[in-house]
Number of protein chains: 2
Amino acid sequence: MQFSKSTDYALHALLHLGHPDRHHNVGIKELSATLGVSESYLSKIMSKLRQDGIVRAVPGVNGGYELARPAEQITFLDVIQVIEGRQQMFECSNSKSQQHQLLAEEGAAQPDRKRPGQGECLVEQVMEGAQQHLYQYLREHTIQSVLDEAFKRRHQEANKK
Amino acid sequence: MQFSKSTDYALHALLHLGHPDRHHNVGIKELSATLGVSESYLSKIMSKLRQDGIVRAVPGVNGGYELARPAEQITFLDVIQVIEGRQQMFECSNSKSQQHQLLAEEGAAQPDRKRPGQGECLVEQVMEGAQQHLYQYLREHTIQSVLDEAFKRRHQEANKK
DNA sequence: TTATTATGGACATCACATATCTATAATAAA
DNA sequence: TTTATTATAGATATGTGATGTCCATAATAA
């Protein structure tokens, strides 16, 4: 139950691209050097981000990457789902087992067979609730919000002195 | 970024043990048959739960497992942490890279070197916030709360008829 | 046309989840 | 005390995904 390193790389790369006084594309060389990751590996990640419309890529001289939309419209959830995929965080593997029948209708004398697909797993439902909570939080944090926080701190630092 | 099947098995096994009209230990055979998982594999999981004090185990004739404490004191978070471990969900792998220095003190003329360990990664901080949100939700849901929900539904079902 | 840069495929490696089998220890019943 | 039963721990196997490298190709601007 851990986020992959790729997600880490992706988030940091986007922060770099979102840096305000940057007016040109950023090549994989610069990104790679800044993050301390190999060019080979990082380009795979950037390709994914491009395929999902998070960044734009330009080949050729002076090419590189740039954000495809404003940094405040790139949420943590966006990035995570591109890299980690969009599967459910939890899947109940024994929906057909005796367990669910016991929980759903245990002791119930009447065999009520009118709603077939209704037997959803209660464990799964709790976990889906957890996922929704997590996702909501991740939607509320964006590349821009991190940049803002960084600059706010730098400012506080300067004032304190 | 997915929970393992083992977590699924553990949660369902505990639901079985927490079932109210159960007054004796439950052997691995019964658990295995109910969940549709092999005895070998499930016993590994049960051993972990025992080592962490979630269940008690009794060998020998009429032995088996039982909850080590009331079902309302066994949270989803407890179970998940036993099975998945207690590492952070996210770790920033490049705390020493140029990236953080840029974000932390970019443009800052004064080399402020008084607080050494303060340079925490802002991405990591967001992700830790996410984790805390998730954990809070998982702490609020217990084996008992799922059982309650199951019986509530069964009751509604009976009344509707 | 050329140098530069991104892209995609193939490949290698390692860690981990999943799973099985077997020998051993502990316990209750006989 | 013996025996049957049950949990436990170790060794092992296997597949899958994360991480990472290398190389050939395509696209683009100078």
Side-chain angles (χ1 to χ4, degrees), chain A residues 1-10 12-13 17 24-33 35-68 80 82-87 89-94, chain B residues 1-10 12-13 17 24-33 35-68 80 82-87 89-94:
Chain A
M1 188 49 190
Q2 281 208 144
F3 289 100
S4 66
K5 287 192 181 186
S6 294
T7 293
D8 177 298
Y9 299 152
H12 280 93
L17 297 184
H24 53 287
N25 289 338
V26 181
I28 196 70
K29 274 198 176 62
E30 181 179 335
L31 274 180
S32 157
L35 301 193
V37 191
S38 80
E39 300 180 24
S40 318
Y41 195 47
L42 191 53
S43 37
K44 301 284 184 195
I45 294 167
M46 297 311 293
S47 277
K48 272 195 185 177
L49 292 173
R50 184 191 61 82
Q51 285 165 18
D52 267 67
I54 308 282
V55 301
R56 266 189 297 268
V58 180
V61 182
N62 294 329
Y65 301 95
E66 61 180 352
L67 298 186
I80 288 169
V82 168
I83 304 298
E84 309 269 338
R86 292 180 167 77
Q87 342 81 8
M89 267 174 33
F90 184 93
E91 284 172 36
C92 178
S93 55
N94 53 343
Chain B
M1 188 50 191
Q2 281 209 141
F3 289 102
S4 66
K5 286 191 181 186
S6 295
T7 294
D8 176 298
Y9 300 153
H12 280 93
L17 297 185
H24 55 285
N25 289 340
V26 181
I28 196 69
K29 274 199 176 60
E30 180 179 335
L31 273 181
S32 158
L35 301 192
V37 190
S38 81
E39 299 180 24
S40 317
Y41 195 47
L42 191 53
S43 34
K44 301 283 183 195
I45 295 167
M46 297 310 294
S47 278
K48 273 195 184 178
L49 292 174
R50 184 191 61 83
Q51 285 166 17
D52 266 69
I54 308 281
V55 302
R56 267 189 296 268
V58 180
V61 182
N62 293 330
Y65 301 94
E66 61 182 350
L67 299 186
I80 287 169
V82 169
I83 305 297
E84 309 268 338
R86 291 178 169 78
Q87 344 80 9
M89 266 175 34
F90 184 92
E91 284 172 37
C92 179
S93 54
N94 53 342

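Computed over heavy atoms, backbone and side chain alike; hydrogens, waters and symmetry mates excluded. A note on names: the letters A, B, ... follow the listed sequences, proteins ahead of strands, and every chain is numbered from 1.
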J.: With both distances under 3.5 Å as the test, what is the Watson-Crick or G-U wobble partner of D:dA30?
T.: C:dT1
J.: I want to check one thing: is the phosphate of D:dG17, taken as OP1 and OP2, less than 4.0 Å away from some side-chain N or O of B:Q2?
T.: no
J.: Side-chain N or O of A:S40 less than 4.0 angstrom from OP1 or OP2 on D:dC22?
T.: no
J.: Check the phosphate of C:dA26 against B:R50, side-chain N and O only, distance under 4.0 Å to OP1 or OP2. Yes or no?
T.: no
J.: Under 4.0 Å from OP1 or OP2 of C:dT20: is there any side-chain N or O of B:S38 that close?
T.: yes
J.: When only distance counts, do a donor and an acceptor, one from the side chain of A:K5 and one from the base of D:dG20, lie under 3.5 Å apart?
T.: no
J.: For D:dT8, take OP1 and OP2 only and decide whether either is under 4.0 Å from a side-chain N or O of B:Y41.
T.: no
J.: What is the minimum heavy-atom distance between B:S4 and B:E84, and which atoms define it?
T.: N-OE2, 2.8 Å
J.: Indicate yes or no: at least one non-hydrogen side-chain atom of A:H12 is less than 4.5 angstrom from one of B:C92.
T.: yes
J.: For the residue pair A:S32 and A:Y41, confirm or rule out a side-chain donor-acceptor distance under 3.5 Å.
T.: no
J.: How many Å lie between CE on A:M46 and C1' on C:dG8, as a whole number?
T.: 16 Å
J.: B:S4 side chain N/O closer than 4.0 Å to the phosphate oxygens (OP1, OP2) of C:dT18?
T.: yes
J.: Write down the distance between CG (A:L42) and C1' (D:dC22), rounded to a whole number of angstrom.
T.: 16 Å
J.: Rounded to whole angstroms, how far apart are CG on A:L31 and P on C:dT7?
T.: 12 Å
J.: Between A:S6 and D:dT19, does any side-chain N or O lie under 4.0 Å from OP1 or OP2?
T.: yes
J.: Taking for each residue the nucleotide of DNA chain D bearing the nearest heavy atom, is the 5' side occupied by B:S43 or by A:G60?
T.: B:S43
